[in-house]
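Numbered from 1 within each chain, the chains take letters A, B, ... in sequence-line order. All values below come from the heavy atoms of this structure, side chains included, with hydrogens, waters and symmetry mates left out. The structure displayed is predicted, hence computed values, not measured ones.
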There are 2 protein chains.
Amino acid sequence: MRAGERRTTLADVAAEAGVSVALVSIVMRDAPGASAATRQRVLEVARRLDYQPDSRARLLRSGESRLIGVVFGVQHPFQHDVLTGLYDAADKQGYELALSAVTPRRDERTAIGSLLQDRCAALILLGPQIPVAELAALSDRMPVVAMMRGVRHRAVDVVRTDDVRGLRLAVDHLVTLGHTRIAHVDGGRMIASAERRQGYQEAMRRHGLDEHLRVVVGGSGEEDGVRAARELLDDPPTAVTVFNDLSAAGMLDVLPRLGLSVPGDISVVGYDDTSFSRLAHIDLTTVAQDIDTMTTLAVARAVERIAGAGITNREVVIPPRLVIRGTTAAPRG
Amino acid sequence: MRAGERRTTLADVAAEAGVSVALVSIVMRDAPGASAATRQRVLEVARRLDYQPDSRARLLRSGESRLIGVVFGVQHPFQHDVLTGLYDAADKQGYELALSAVTPRRDERTAIGSLLQDRCAALILLGPQIPVAELAALSDRMPVVAMMRGVRHRAVDVVRTDDVRGLRLAVDHLVTLGHTRIAHVDGGRMIASAERRQGYQEAMRRHGLDEHLRVVVGGSGEEDGVRAARELLDDPPTAVTVFNDLSAAGMLDVLPRLGLSVPGDISVVGYDDTSFSRLAHIDLTTVAQDIDTMTTLAVARAVERIAGAGITNREVVIPPRLVIRGTTAAPRG
DNA sequence: ATGAAAGCGCTAACAC
DNA sequence: GTGTTAGCGCTTTCAT
């Protein structure tokens with residue numbers, strides 16, 4: 001690129017095509033008010049000059065931004081599946097996505113701050129960890145949709161999976177297979193951990209398995225599953241429900257090395273139906289979150305709020321679905 | 001959020017503080033030319049009104065964008081590690097990152113297109129798959145830095161690992177351990193695949209192991225490693241170098257089930273030193289790419305080009321480093 | 001140290 | 001169907 005080169009603007013195209021700037025604007029936006037002949041000529045010139053509209057100027061002037069900010073964690077494979085769905089959904093609604101990542105050295109506040117300066121029309125936060133008060137303050141400024149997290153506040157929209165039910169499905173499945181000694185490896189300080197743990201506890205109680213309740217502290221990564229597996233060894237249960245697939249994958253990999261076969265000695269149920277859990281060699285029984293529905297709803301909700309829709313049905317809770325694969329079976333004996 | 005509410009602007013702050021807009025601008029940018037007293041008062045008002053500068057308007061007016069666009073693939077864990085590094089590097093240079101993801105249903109052209117409209121000052125592409133001609137055309141418009149891919153074109157900057165050397169390190173290590181029957185599982189249509197395959201072939205020849213050359217088609221995902229493992233079964237080598245860690249992880253998981261222990265029957269070397277390869281239960285010997293150096297250089301290069309620096313040292317090739325862990329050992333017998 | 005005015009690239013209202 | 005004008009929120013001269 002030669003330095004000092006300026007970008008092609010509407011004015012350049014207008015000059016070259018011999019028409020006014022406004023007319024070119026009309027053509028570029030595909031708005032009514034230009035003859036077919038003009039339209040064609042302008043388009044041709046634009047293409048020839050390699051014109052690209054300046055989205056900043058466009059949005060600045062028009063006032064509305066058609067931009068939805070998304071905060072995601074670079075560490076969470078499940079959120080990448082969600083991102084994929086969000087792009088599809090936004091595309092259908094004619095919106096763009098502005099991504100901002102949370103990394104080990106870039107926190108959620110920073111990520112959100114940068115989207116604020118970008119003047120997104122709304123924010124979609126994937127499993128936000130910041131306190132409710134901050135979410136509430138944020139939603140004073142713009143529509144905020146939290147995904148994969150419950151938020152008890154009247155101004156924050158929520159689209160999430162019914163995690164209590166998700167763990168009930170998992171436990172019910174294991175009980176049906178004949179298990180009673182079922183443990184749970186939770187998500188540590190992950191935001192959805194409490195809900196899933198609670199689902200496990202309720203389900204166990206409903207089956208009269210109070211005495212077998214056993215919760216091990218885990219986390220969201222493979223290493224957490226590995227650690228938890230070691231911890232279970234002293235007195236191994238016949239089945240375990242795990243906070244998410246990644247942690248479950250860690251367990252799956254280490255259990256055989258610790259002398260426990262899956263599902264022979266111990267059954268394992270994950271959560272999320274992350275793409276890798278489908279792989280033949282992992283073949284993980286898991287609780288699937290309905291990503292398509294969730295992302296579609298999250299974007300729809302954001303768009304409605306941008307349009308100023310009233311507040312009804314603030315929280316959407318999507319039912320999960322149990323996907324039975326090869327890591328669960330009847331207990332021995 | 002109440003509808004019809006307008007965002008706080010510089011003018012609002014100026015009015016409230018009883019000074020001119022220009023002065024507020026000076027204060028907000030931390031530019032010289034305002035008294036300490038004014039500065040303090042303006043800052044206070046800005047905070048009270050919850051003022052956030054409009055990055056669009058700011059950039060539109062100032063002409064320079066301090067924005068670097070990054071295209072990454074949502075499917076590639078290694079690229080997430082790179083993203084983390086890029087954020088750090090950009091931050092140090094006072095630049096922002098605009099992310100655009102490639103997903104299974106959103107291709108690279110779309111991802112790039114959206115960044116073009118955002119008027120990024122430069123583009124950093126992670127393992128771009130588009131043809132050189134398109135990269136060249138792009139770099140006519142703006143500085144383009146390709147990472148993890150060689151590009152033979154005078155206008156495209158490149159920051160990549162010396163993959164030929166990376167595979168040589170892997171093969172040398174295996175040969176030193178006593179292996180001769182060493183196979184390679186390549187990356188299929190991944191852009192770096194050719195280079196790594198070539199590194200394997202050269203290294204094998206240098207060791208006089210031409211007759212043992214064996215390349216199996218693979219890919220970048222776990223499932224590719226699983227498939228390749230099955231394919232190797234008919235006549236298992238004593239060691240295998242794999243395109244990347246993810247594919248290697250797939251192999252690691254399936255090999256024991258196919259009756260081959262690692263590293264007892266077969267040694268495995270991955271590539272990338274992705275965070276999960278460090279996990280105790282995976283403990284993968286792998287070729288590490290120096291992410292810190294690469295991301296720092298990529299951002300530095302982008303910034304230089306934005307500043308209009310001349311074209312020297314167009315391609316930076318970083319040496320890889322072998323990380324020996326538990327999946328490699330001397331062959332049996 | 002501070003303010004007035006111009007204008008970045010674009011869209012929207014209105015005139016013709 | 002087309003051109004003219006104004007102005008989005010900001011930075012940047014240039015006065016004072």
request  = Before giving the answer on side-chain hydrogen bond (donor to acceptor under 3.5 Å, both in side chains), spell out for A:Arg58 and A:Ser62 the whole-Å C-alpha distance, their side-chain angles and the decisive distance to 0.1 Å.
outcome  = CA-CA 6 Å; A:Arg58 197 192 277 240; A:Ser62 68; over 6 Å; no

Do NZ/NE/NH1/NH2 and the carboxylate oxygens of [X] and [Y] come within less than 4.0 Å?
X        : Y        : answer
B:Asp12  : B:Arg7   : no
A:Glu44  : A:Arg41  : no
B:Glu315 : B:Arg160 : yes

inquiry  = What residues from residues 51-66 of chain A pass a heavy-atom cutoff of under 4.0 Å to DNA chain C?
reply    =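 Contacts with DNA chain C under 4.0 Å: A:Tyr51, A:Pro53, A:Asp54, A:Ala57, A:Arg58, A:Arg61, A:Ser62.
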
request  = Might you work through the side-chain hydrogen bond (donor to acceptor under 3.5 Å, both in side chains) test for B:Ser100 and B:Arg106, ending with a clear yes or no?
outcome  = CA-CA 10 Å; B:Ser100 192; B:Arg106 187 176 195 258; 3.0 Å; yes

ask   = C:dC8 C1' sits how many Å from A:Asp12 CG, rounded?
value = 13 Å

Nearest-Å distance for atom pair CG/C1', residues A:Leu23 and C:dA13 =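 Interatomic distance, CG of A:Leu23 to C1' of C:dA13: 15 Å.
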
message = Using a 4.0 Å cut-off on heavy atoms, which residues in residues 24-49 of chain A reach DNA chain D? List them by number, or say none.
response =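 Those residues are A:Gly33, A:Ala34, A:Ser35, A:Thr38.
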
inquiry  = Quick one, B:Thr103 and A:Leu83 - any side-chain contact, counting heavy atoms below 4.5 Å?
reply    =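 They are not in side-chain contact.
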
query = Do the ring planes of A:Phe72 and B:Phe72 sit parallel (below 30°), tilted (30 to 60°) or perpendicular (above 60°)?
reply =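 Geometry flag for B:Phe72 against A:Phe72: parallel rings.
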
inquiry  = Can you tell me if B:Arg314 has over 12 outside heavy atoms packed within less than 6.0 Å of its CZ?
reply    =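 Counting neighbours around CZ of B:Arg314, more than 12 heavy atoms of other residues, nucleotides or ligands fall under 6.0 Å, so yes.
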
query = Under 6.0 Å from the CD atom of A:Gln40, do we count more than 12 heavy atoms belonging to anything else shown?
reply = no

task = Walk along DNA chain D from 5' to 3' and tell me the first and last nucleotide with an atom closer than 4.0 Å to a non-hydrogen atom of chain A.
result = D:dG1 to D:dG9

message = Side chains of A:Thr84 and A:Asp81: any donor to acceptor distance under 3.5 Å?
response = no

